[in-house]
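Inspection log for the structure reproduced underneath, given as structure tokens.
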Amino acid sequence: MAGMDGGSGGAVAPPSLPGAQLLKQGAEARVYRGRFLGKSTIVKERFPKRYRHPVLDEKLTKRRTAQEVRSILRCRKAGISAPVVYFVDYTTNCIFLEEITDSITIREHITSTQASGRSTETLYGLADRIGQILAKMHDEDVVHGDLTTSNMLLVGEEDGKPGKLVLIDFGLSYISALPEDKGVDMYVLEKAFLSTHPNTEALFQRLLKSYIAASKKAPAVIKKLDEVRLRGRKRSMVG
Amino acid sequence: GPLFFFLPQAGQMQLTQDLELFPDQSVTQLLFRDVKNCAELRKMLKVYLSLFPLLPKVVDLFQTLVAANKAVHLQKVGKMKTRSLYSEIIFSLSPTNNISEAFRRFGVSDSDSAVLVVLVHNKEDIFNKDDVTSKVDGQQIPADQISTLSDMAKIKKLYKVTPQEEKCGTVLDAAVLRMAAKEVV
């Protein structure tokens with residue numbers, strides 16, 4: 001389809017931050033790394049999408065930027081680690097975030113544990129912690145929107161000493177109290193988890209168990225999760 | 001006999017930093033303690049609003065640097081909420097969108113004895129320290145010693161830092177996040 005260029009937004013504009021290095025070109029945003037006010041910083045730039053009506057596009061982009069900042073604030077206030085927002089440029093929809101250094105993704109951690117031949121049971125403690133954190137996040141009515149094992153970081157994990165879990169990439173997040181939305185959030189994670197990490201059904205069950213134990217609101221979410229599993233992520237099969 | 005000057009290990013008397021987004025601009029911060037003319041400085045701030053802001057409610061110089069960056073940005077895009085760059089820095093420090101509240105809480109009060117001066121200047125300009133030090137009746141100390149003068153309990157209250165939040169980050173993190181997020185709450 002003409003004009004449907006996958007959201008590249010035409011020519012790549014130079015980042016507003018001198019010396020910034022492009023890390024990721026996504027469908028929604030470009031992610032850069034650079035130095036900002038003397039700190040290692042991630043810059044997330046939501047670019048205009050040419051296939052959308054400009055007025056609608058600007059509105060949607062602004063809303064997404066605001067929702068990302070709002071979700072991070074809610075999480076941190078509740079004690080859930082997420083990158084600090086340093087600065088938001090609402091004229092270009094750029095978010096300047098703390099770079100989480102010396103970290104590995106949960107994805108890398110699970111993959112390397114499996115590759116080293118260790119039993120997934122050694123990851124049960126981690127699964128428990130992920131379940132607890134997601135329960136806390138949902139209790140704050142934050143729906144992440146893109147839960148994967150790549151969007152969870154482990155900082156300072158050493159043998160025998162558990163590291164800090166940090167949630168990242170709130171680009172598709174929003175505030176909602178609906179069990180349906182939280183159920184879909186968990187469904188997205190389940191899909192991503194099981195397809196990224198083979199033979200981890202028991203590990204994911206462990207995560208869910210911990211999620212259920214940690215939140216009074218969990219039963220309603222799990223009920224929705226069961227429904228969503230049967231019909232898929234979309235509420236309607238039309239379109 | 002010979003005179004020996006022992007410079008503080010940690011840093012210089014004043015700290016000058018770049019604003020990466022505005023390559024021709026720099027921010028210099030100077031810190032004073034035992035200031036005796038706060039009431040006078042406050043009047044000066046009112047009359048010559050663009051002179052310098054006096055901010056004793058700061059936990060770290062990064063907090064004021066972030067506020068200065070935001071103020072310069074809003075000035076460049078024509079979206080300042082206050083009348084001058086320096087009042088905008090004070091407003092940017094506040095976690096709320098109420099301007100008079102921001103000045104009441106983050107401006108200097110007559111009883112303050114510590115003063116932080118934040119100057120935004122052209123990078124090429126030769127910075128004349130005497131322009132500032134001659135106006136402040138107090139003792140200049142290395143700017144990065146700000147945390148020794150900040151009132152933690154007061155700052156936590158100003159930014160409504162929750163105890164849970166302190167488990168995942170510092171008070172500085174909490175303050176900076178609220179400053180960045182105040183437009184969307």
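Residue numbering restarts at 1 for every chain, and letters A, B, ... go by the order of the sequence lines.
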*Against chain B, label Ser81(A) side chain, backbone, both or neither, depending on which of its atoms sit under 4.5 Å from a heavy atom there.*
both
*Against chain A, label Val77(B) side chain, backbone, both or neither, depending on which of its atoms sit under 4.5 Å from a heavy atom there.*
side chain
*What residue in Ile80(A), Leu73(A), Val88(A) has the most heavy-atom pairs under 4.5 Å with chain B?*
Leu73(A)
*Are the charged groups of Asp151(B) and Lys57(B) less than 4.0 angstrom apart, N to O?*
no
*Is the shortest side-chain N to carboxylate O distance from Arg64(A) to Glu68(A) below 4.0 Å?*
no
*In terms of heavy-atom pairs under 4.5 Å, which option from Val166(A), Leu37(A), Val85(A), Val84(A) contacts chain B the most?*
Leu37(A)
*Which one of Leu30(B), Asn37(B), Val35(B), Leu149(B) satisfies the side chain to side chain contact (heavy atoms under 4.5 Å, CB included) criterion with Val115(B)?*
Val35(B)
*Does any pair with a residue in residues 140-151 of chain A pass salt bridge (charged side-chain N to carboxylate O under 4.0 Å, His left out), and if so which ones, sequence neighbours excluded?*
Asp141(A)-Lys182(A)
_Heavy atom to heavy atom, less than 4.5 Å: which residues from residues 177-185 of chain B reach chain A?_
Leu177(B), Arg178(B), Ala180(B), Ala181(B), Glu183(B), Val184(B), Val185(B)
_Please classify the contact of Asp18(B) with chain A as side chain, backbone, both or neither, using a heavy-atom distance under 4.5 Å._
backbone
*Relative to chain B, which segment of Ala66(A) carries a heavy atom at a distance below 4.5 Å: side chain, backbone, both, or neither?*
both
_Atom group of Lys167(B) that falls short of 4.5 Å from chain A, counting heavy atoms_ = neither
*Heavy-atom pair count under 4.5 Å with chain B, highest-scoring of Arg74(A), Lys77(A), Lys39(A)*: Lys77(A)
